[in-house]
Amino acid sequence: MDDLYREVIIDRYKNPLMRGTLDPHDYSYEDDNPLCGDRIRIDVRVDSENKITEAAYNGEGCAISQASADLLVESIVGKNLDEVKALTKEDILEMLGIELGPVRLKCALLSLKVLKASVYGLENVEEELT
Amino acid sequence: MDDLYREVIIDRYKNPLMRGTLDPHDYSYEDDNPLCGDRIRIDVRVDSENKITEAAYNGEGCAISQASADLLVESIVGKNLDEVKALTKEDILEMLGIELGPVRLKCALLSLKVLKASVYGLENVEEELT
Amino acid sequence: MASAISNTVLDIDRIRAEFPILHRETQLGAPIIYLDSAATSQKPRQVIDIMSRYYEQQNANIHRGIHRLAEEATQSFEEARNKIAHFINANSSKEVIFTRNTTEAINLVAYSWGRANLQAGDMLLLTEMEHHSNLVPWQMLAAEKDLHLEFIPVTDEGLLDWTAFEHFLLREPRLVAFTHMSNVLGTINPAAEMVSLAHQAGALVLIDGAQSAPHLKVDMQTIGADFYAFSAHKMCGPTGIGVLYGREKLLASMPPFLGGGDMIRRVHLRSFTPNELPHKFEAGTPAIAEAIGLGAAVDFLESVGLEKIHQHEQLIVSYALERLEEIPGVVVYGPRPEKKGGVVSFKLDGVHPHDVAQLLDTVGIAVRAGHHCAMPLHERFHLPATTRASFYLYTMEQEIDRLVEGLYKVKEIFS
Amino acid sequence: MASAISNTVLDIDRIRAEFPILHRETQLGAPIIYLDSAATSQKPRQVIDIMSRYYEQQNANIHRGIHRLAEEATQSFEEARNKIAHFINANSSKEVIFTRNTTEAINLVAYSWGRANLQAGDMLLLTEMEHHSNLVPWQMLAAEKDLHLEFIPVTDEGLLDWTAFEHFLLREPRLVAFTHMSNVLGTINPAAEMVSLAHQAGALVLIDGAQSAPHLKVDMQTIGADFYAFSAHKMCGPTGIGVLYGREKLLASMPPFLGGGDMIRRVHLRSFTPNELPHKFEAGTPAIAEAIGLGAAVDFLESVGLEKIHQHEQLIVSYALERLEEIPGVVVYGPRPEKKGGVVSFKLDGVHPHDVAQLLDTVGIAVRAGHHCAMPLHERFHLPATTRASFYLYTMEQEIDRLVEGLYKVKEIFS
Ligand SMILES: Cc1ncc(COP(=O)(O)O)c(C=O)c1O
Ligand SMILES: Cc1ncc(COP(=O)(O)O)c(C=O)c1O
C-alpha cells in the first residue's frame with residue numbers, strides 16, 4: 001500500500017515547504033478540479049530578466065495535488081519563464097516518482113496547469129494537460 | 001418453397017372470388033399498412049337483423065393480404081355482426097392455413113382490422129390486431 | 001468460504017460463481033473486492049452469453065424484416081420488453097421505452113413532455129439529493145422555458161425534509177422529480193407516499209429509479225409514478241440500454257422526441273405520422289443485443305428474488321455501518337440502515353477521498369471517490385467529495401472486513 | 001468452395017470463417033444466405049469476443065473512477081474513440097461523439113446546432129433519396145422553427161439532379177444534408193464535390209454516412225463535411241452505438257443536447273457548466289462495451305482494407321445486376337455499378353416484394369422487402385415497396401446465383 005504514496009508525497013502533503021501567498025506578485029492564477037474539489041493557487045515573482053525569484057502556492061485537495069504543487073513550486077524558483085513553459089507532464093511525474101491513472105493524473109497536473117495559465121494564459125495549456 | 005404459399009393463397013390472389021365494391025352499402029372502411037403499401041377496402045350490406053347479406057373487398061398488396069381479404073369476406077356472408085366481432089387472428093390463420101412471422105401477420109390481419117373497424121369503430125380493434 | 005451474514009439470505013458462493021469478473025485474479029494474486037456497484041454492477045455469465053449468442057446465431061435488424069433471422073431477432077427483442085414490463089409490473093409493454101440509460105430517459109421526458117406542456121412561470125420540484133442526470137435536463141428546460149426550479153432540502157440525517165415538501169406542494173408544481181434511492185446517501189425515499197401527495201397537488205411525478213430498480217422490487221402499480229427511469233448496466237445488464245417507463249395515456253399524448261426510422265408510421269417529404277407506442281419514442285435501430293441482455297438480467301434477478309437481494313443488502317449495509325463507525329475519524333453520511341440501501345459514503349479525517357480510494361486500490365479494493373455526480377448534495381454537506389462503498393447481491397461480509405482493514409492502513413500512512 | 005469472382009480481391013473463405021453466424025445451419029440444413037447487410041451487418045468473432053471479455057475482466061464505469069477496473073475500462077473506451085478518429089481521419093478524437101446510432105447523431109445536430117442557429121425562413125436542403133433518419137429530424141425542426149425544406153430531386157437513373165442542386169444553392173440554404181450512399185438505390189453521391197459547392201454557397205453540410213462508413217474509405221479531410229453520422233451495427237460492430245463526427249470548432253460552439261452526468265464540468269442546484277469535448281455531448285453512462293466493440297470492428301475492417309472491401313462489393317454488385325437483369329420481369333432501380341455500392345433494389349412483375357422476400361426465406365435466402373425507411377424515394381418511383389439484396393465483404397457470387405434461382409422459382413409459383 002505504501003509504495004505509491006512514497007514518503008515524499010505524504011511528507012510534502014503534511015509538511016509543505018512552499019505553502020503561502022505572495023502579495024504583491026507578478027503572476028498569479030487559481031483553478032480547481034471540479035471532479036474532486038482540488039484547488040490550487042500559485043503566485044510568482046520574477047526579476048527584470050523574467051527569472052523567478054519567489055513562488056508560493058495555496059490550496060486544498062488530495063495529497064497528490066498538494067504535494068505536486070509543493071514540489072513544482074519549489075523546482076521553479078531560479079528558473080526563467082521560458083523554462084517553465086517547457087515543463088511537461090513527465091517532469092511532474094518524475095518529481096512525484098509514481099505512475100498515475102487518468103483521474104489522478106488530473107490531480108497531479110493541476111498545479112502545472114495553474115502555473116502555465118498564470119504565466120502565459122489559459123488558452124495555451126488546455127490541450128496538453130487534460 | 002411452395003408449402004407456405006399453398007395453392008389457396010396463390011389461387012385466391014390471382015382469381016379472387018369476392019373482389020368488388022358495393023354501392024350503396026351499410027358499412028365500409030378502408031385502411032392500409034404503410035410498411036408494405038397493402039391497402040384494403042371492405043363494403044358490407046346487412047339486413048334488418050344485422051345479418052350480412054353481401055360483402056366485397058377491393059385493394060392491392062401482397063398475396064397474403066389480398067387472399068386473406070378474399071377468404072374473410074367470403075366467410076362472413078350469412079353471419080351476423082356479433083359473429084364478426086368474435087372473429088380472431090386465429091380464424092384468419094386457419095383460413096390461410098399457414099404460420100406467419102410478425103411482419104406478415106400484419107398483412108394477413110389487415111382485412112380483419114378493416115372489417116372490424118367498419119362495423120364497430122377503429123378504436124376497438126387496435127389493441128388485439130397489432 | 002463465505003460466512004454467517006453473507007449466507008443468511010442468499011447462497012452467496014453460488015451467486016458469486018455466476019459472475020466471471022469476481023474470479024479474475026488481479027496483479028495482487030487475489031480476486032478484486034468490487035465495492036462500486038452503484039456506479040455499475042458486474043454481469044452474470046448468462047447475460048454476457050446471451051448477447052454473444054445473439055450475435056452468433058440471430059443477429060438481424062428488427063421490425064421490418066420478413067426473413068427468419070429478422071423475425072427471430074424481433075421476437076427476442078420484444079420478449080425482452082415484455083419481461084421488463086413484467087419486472088416492473090407495468091400495465092403493458094407499450095409503457096416500456098428503450099433508451100440509452102437513465103439520463104436519456106429523463107431527457108426524453110424533459111424534451112417531449114416538458115417542452116409541450118410547460119409554460120413560463122411553471123414550477124418543477126426536485127430535491128437536493130438528485131444525481132446530475134435528474135438536475136441538468138430540468139435546468140436546461142427551465143432556462144429555455146423560464147420555469148422555476150425548487151428543491152426539497154435534505155436533512156442532516158440524509159432524509160427529505162417532509163415539511164418543506166408539503167409546503168412546496170402548496171405552490172402547485174407541475175412536476176415532482178426525485179430519486180427513489182440516493183446514490184450517495186443510500187436513502188430510500190417513500191416513493192408511493194410522495195407520488196400520492198404530488199398527485200393530490202396536481203403534479204405529475206418522475207422517479208429516477210437508477211439505484212432502486214436494481215435493488216428493490218419496484219411495482220409501477222403500487223408506486224403510481226407517471227414516469228420511471230432506470231439503466232440496465234446497474235442491474236446486471238449491459239451498457240448502452242436503459243428504460244423509460246411512462247403511463248400509456250401520457251406517453252400517447254406526448255410528441256415524439258427523436259425523429260427517424262421505426263418511430264414513424266408514414267413519411268412524406270415534408271411530413272410524417274408517428275408510429276404507435278412504444279416505437280414512437282424509439283428512433284433508428286435500437287440496442288437490440290442490449291435489450292436481450294437486459295431481459296436476461298431481469299430473469300437472473302427474478303430467479304434470485306428482489307426481496308432477498310434487498311434483505312441481503314440490508315444485512316451487509318448494517319454490518320458495514322457498524323464496522324466503519326468503529327474506525328476513529330470516519331464519518332458516515334446518510335440515514336440508519338432501515339432507511340437506506342447498500343450504499344455507504346463517508347469521509348476519513350485528514351485524508352482526501354481520492355487518496356483513500358487510490359490506497360484501497362493498491363490492496364485490491366474498488367471503491368469510488370468524488371462527488372458521485374451529485375455536486376449539489378456535496379455542497380449541502382460542505383464536502384468536496386466523499387468515498388463511497390456500494391454493495392450488491394454478490395457482496396460478502398469478508399469484503400467489508402477487508403475494507404475496514406484497508407482503511408486502518410490508510411490512516412496509518414497518513415498519521 | 002468459393003469461386004472466381006469472390007476471390008478476385010478477398011480471400012473469401014478466410015473472411016467468412018470469422019463470422020460465426022454464416023456457419024450456423026438453419027432448419028434447411030444449410031447456412032443462411034444473408035443478403036441484408038444494408039439493414040445490419042453480421043459480426044466477426046473478434047468483435048463479439050472483445051465485448052464478452054470486457055464484461056468478464058474489465059467492466060467498470062468510466063471517467064470518474066480511480067480503481068484499476070475503472071482505469072482500464074476508461075482507457076479501453078478512449079482508445080476505441082481514438083481508433084475511430086483515425087478510421088475516419090478526424091483531426092482529433094474530440095471530434096468523435098458517441099451516440100446510439102446514425103439517427104441519434106442526426107437528431108443531436110438538429111436539436112443542438114439547429115435550434116441554436118436557425119431562424120424562421122431559413123432553408124435546409126435535403127434530397128429525395130434520404131432515409132427517414134435524415135428527413136424526420138429536419139421536418140420536426142422545420143415545424144418548430146418555421147424553416148423551408150427543399151429536396152434535390154432524384155433522376156430516373158437514381159442520381160441526384162445536379163442542375164437542381166446548383167439551382168437550390170443559389171437560394172442560400174443554411175444546411176445541406178444528404179446521404180453519402182443510398183440504402184435503396186446504392187447510389188454513391190459525390191460527397192466532396194457537394195460539400196465544396198455547399199460551402200461556397202455558405203451552407204454547412206451534414207452527411208449521413210450510415211451506408212458509406214462501412215463500405216468505403218471515408219476521410220474527413222478529403223470530404224470536408226461539417227458533420228458525418230454513422231452506426232456501428234452496419235459496419236461489423238455492435239448495436240447500441242453510433243458516431244457523430246463534427247468539426248471541433250463547430251461542436252465547441254454548440255449548446256449541449258442531453259443533460260446529465262459526465263457532460264458537465266460543474267453543477268449547482270440551478271446551473272451547470274458543460275464539460276469539454278467530446279464529453280459535452282455524452283450524457284450519462286455511455287455504451288462502454290459497445291464502443292470497445294466498435295473499436296474492434298474498425299480494426300477488423302482496416303485489417304481487410306476498405307479499398308479491397310469496396311472493390312469486392314463492386315464485383316459482386318456488377319455480377320448481381322448482370323444476373324438479375326436476365327430474369328424476365330425484373331426491374332432494377334438505381335445507377336450502373338460504377339456509381340453504386342453493394343445494394344440492389346428491384347421489383348418482380350406481378351409479385352409483391354413481401355411475397356418475394358418470404359418465398360426466398362423459405363429457401364434460406366435473407367433479403368429485405370418494403371420501403372427500407374425511404375418512403376419518399378419509393379413515392380418518387382411510384383412503388384409501394386421493393387425487394388432489396390445488399391452485400392458486404394462476406395458475400396459470395398454463389399449466393400447471387402442462389403438468389404437468381406430463387407427468383408425463378410418465385411416466378412414459377414406466381415405464374
Ligand atoms: C442511409 C441510412 N441512413 C440512416 C440509417 C439509420 O441508421 P440507424 O438505424 O442505425 O440509426 C440507415 C439504416 O437504417 C441508412 O441506411
Ligand atoms: C440516482 C442516479 N440517477 C441517475 C444515474 C445516471 O445513470 P446513467 O449514467 O446510467 O444514465 C445514476 C448513476 O450514475 C444514479 O445513481
Side-chain angles (χ1 to χ4, degrees), chain C residues 20-21 24 39-40 42-43 48 52 55-57 59-61 64-69 100-101 103-104 107 132-133 135-137 139-140 149 151 231 233 238-241 258-261 264 267-272 283-285 287-290 354 357-358 361 366 368-370 373 375-376, chain D residues 20-21 24 39-40 42-43 48 52 55-57 59-61 64-69 100-101 103-104 107 132-133 135-137 139-140 149 151 231 233 238-241 258-261 264 267-272 283-285 287-290 354 357-358 361 366 368-370 373 375-376:
Chain C
I21 207 170
R24 174 193 170 200
T40 200
Q42 295 305 339
K43 321 300 175 201
I48 304 172
S52 295
Y55 286 126
E56 287 164 11
Q57 303 193 351
N59 174 66
N61 213 326
R64 296 162 308 233
I66 289 170
H67 56 78
R68 204 154 312 183
L69 287 182
R100 182 174 31 252
N101 48 28
T103 304
E104 193 198 15
N107 278 275
H132 297 162
S133 294
L135 288 173
V136 181
Q139 291 176 353
M140 287 168 60
L149 300 182
F151 301 87
S231 297
H233 69 91
T239 53
I241 193 159
L258 304 180
I264 55 87
V267 177
H268 303 291
L269 281 176
R270 290 191 164 77
S271 65
F272 71 97
T285 305
I288 306 171
E290 292 76 6
H354 277 191
Q358 181 138 19
D361 180 59
R368 197 148 281 240
C373 289
M375 289 184 85
Chain D
I21 206 170
R24 174 194 170 199
T40 200
Q42 295 305 339
K43 323 300 175 199
I48 303 172
S52 296
Y55 287 126
E56 287 164 11
Q57 304 192 351
N59 174 66
N61 213 328
R64 297 163 306 235
I66 289 170
H67 57 77
R68 207 155 308 185
L69 288 182
R100 180 174 33 251
N101 47 28
T103 305
E104 193 198 14
N107 278 276
H132 296 162
S133 293
L135 288 173
V136 181
Q139 292 176 352
M140 288 168 57
L149 300 182
F151 301 87
S231 298
H233 70 91
T239 53
I241 193 159
L258 304 181
I264 56 87
V267 177
H268 304 291
L269 281 177
R270 289 188 165 79
S271 66
F272 72 97
T285 304
I288 305 171
E290 291 76 6
H354 276 191
Q358 181 138 20
D361 179 59
R368 198 149 281 242
C373 289
M375 290 184 85

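Computation of the quantities below employed the complete heavy-atom set of this structure, encompassing side-chain atoms and omitting hydrogens, waters and symmetry-equivalent molecules. A, B, ... follow the sequence lines: proteins, then strands. Residue 1 opens every chain.
- Here the closest heavy-atom approach between residue D:Gly259 and residue C:Pro137 is recorded as O-CG, 3.4 Å.
- Ranked by non-hydrogen atom pairs under 4.5 Å with chain C, the options D:Lys43, D:Glu290, D:Arg64 are led by D:Glu290.
- In plain terms, the two heavy atoms of C:Gly261 and D:Ser133 that are nearest each other are N-OG, 3.4 Å.
- For D:Arg100 (side chain) and C:Ala287 (main-chain N/O), no donor-acceptor pair under 3.5 Å exists by modelled atom type.
- Using a 4.5 Å cut-off between heavy atoms, C:Leu258 contacts chain D through both its backbone and its side chain.
- Between C:Gln42 and D:Tyr55, the shortest heavy-atom contact is OE1-O, 4.4 Å.
- Separating the CZ atom in D:Arg68 from the CD atom in C:Gln358 is a distance of 9.5 Å, to the nearest 0.5 Å.
- Note on D:Val136, D:Leu269, D:Thr285: by heavy-atom pairs under 4.5 Å with chain C, the leading option is D:Leu269.
- Across C:Glu104, C:Arg24, C:Gln139, the residue that shares the most heavy-atom pairs under 4.5 angstrom with chain D is C:Gln139.
- Of the listed residues (D:Arg368, D:His354, D:Met140), the greatest number of heavy-atom pairs within a distance under 4.5 Å of chain C belongs to D:Arg368.
- Using a 4.5 Å heavy-atom cutoff, the side chains of D:Phe272 and C:Met375 are not in contact.
- Of the listed residues (C:Ala369, C:Pro238, C:Gly370), the greatest number of heavy-atom pairs within a distance under 4.5 Å of chain D belongs to C:Pro238.
- Only the side chain of C:His233 comes within less than 4.5 Å of a heavy atom in chain D; its backbone stays farther off.
- Considering only heavy-atom pairs separated by less than 4.5 Å from chain C, the leading option among D:Thr40, D:Leu135, D:Asn107 is D:Asn107.
- Heavy-atom pairs under 4.5 Å with chain C peak, among D:Ile264, D:Ile288, D:Val267, at D:Val267.
- Both the backbone and the side chain of C:Asn59 come within contact range of chain D, judged by heavy atoms closer than 4.5 Å.
- In this structure, no portion of C:Ile241 lies under 4.5 Å from any heavy atom of chain D.
- In terms of heavy-atom pairs under 4.5 angstrom with chain C, the leader among D:Ala283, D:Ala289, D:Ala357, D:Cys373 is D:Ala283.
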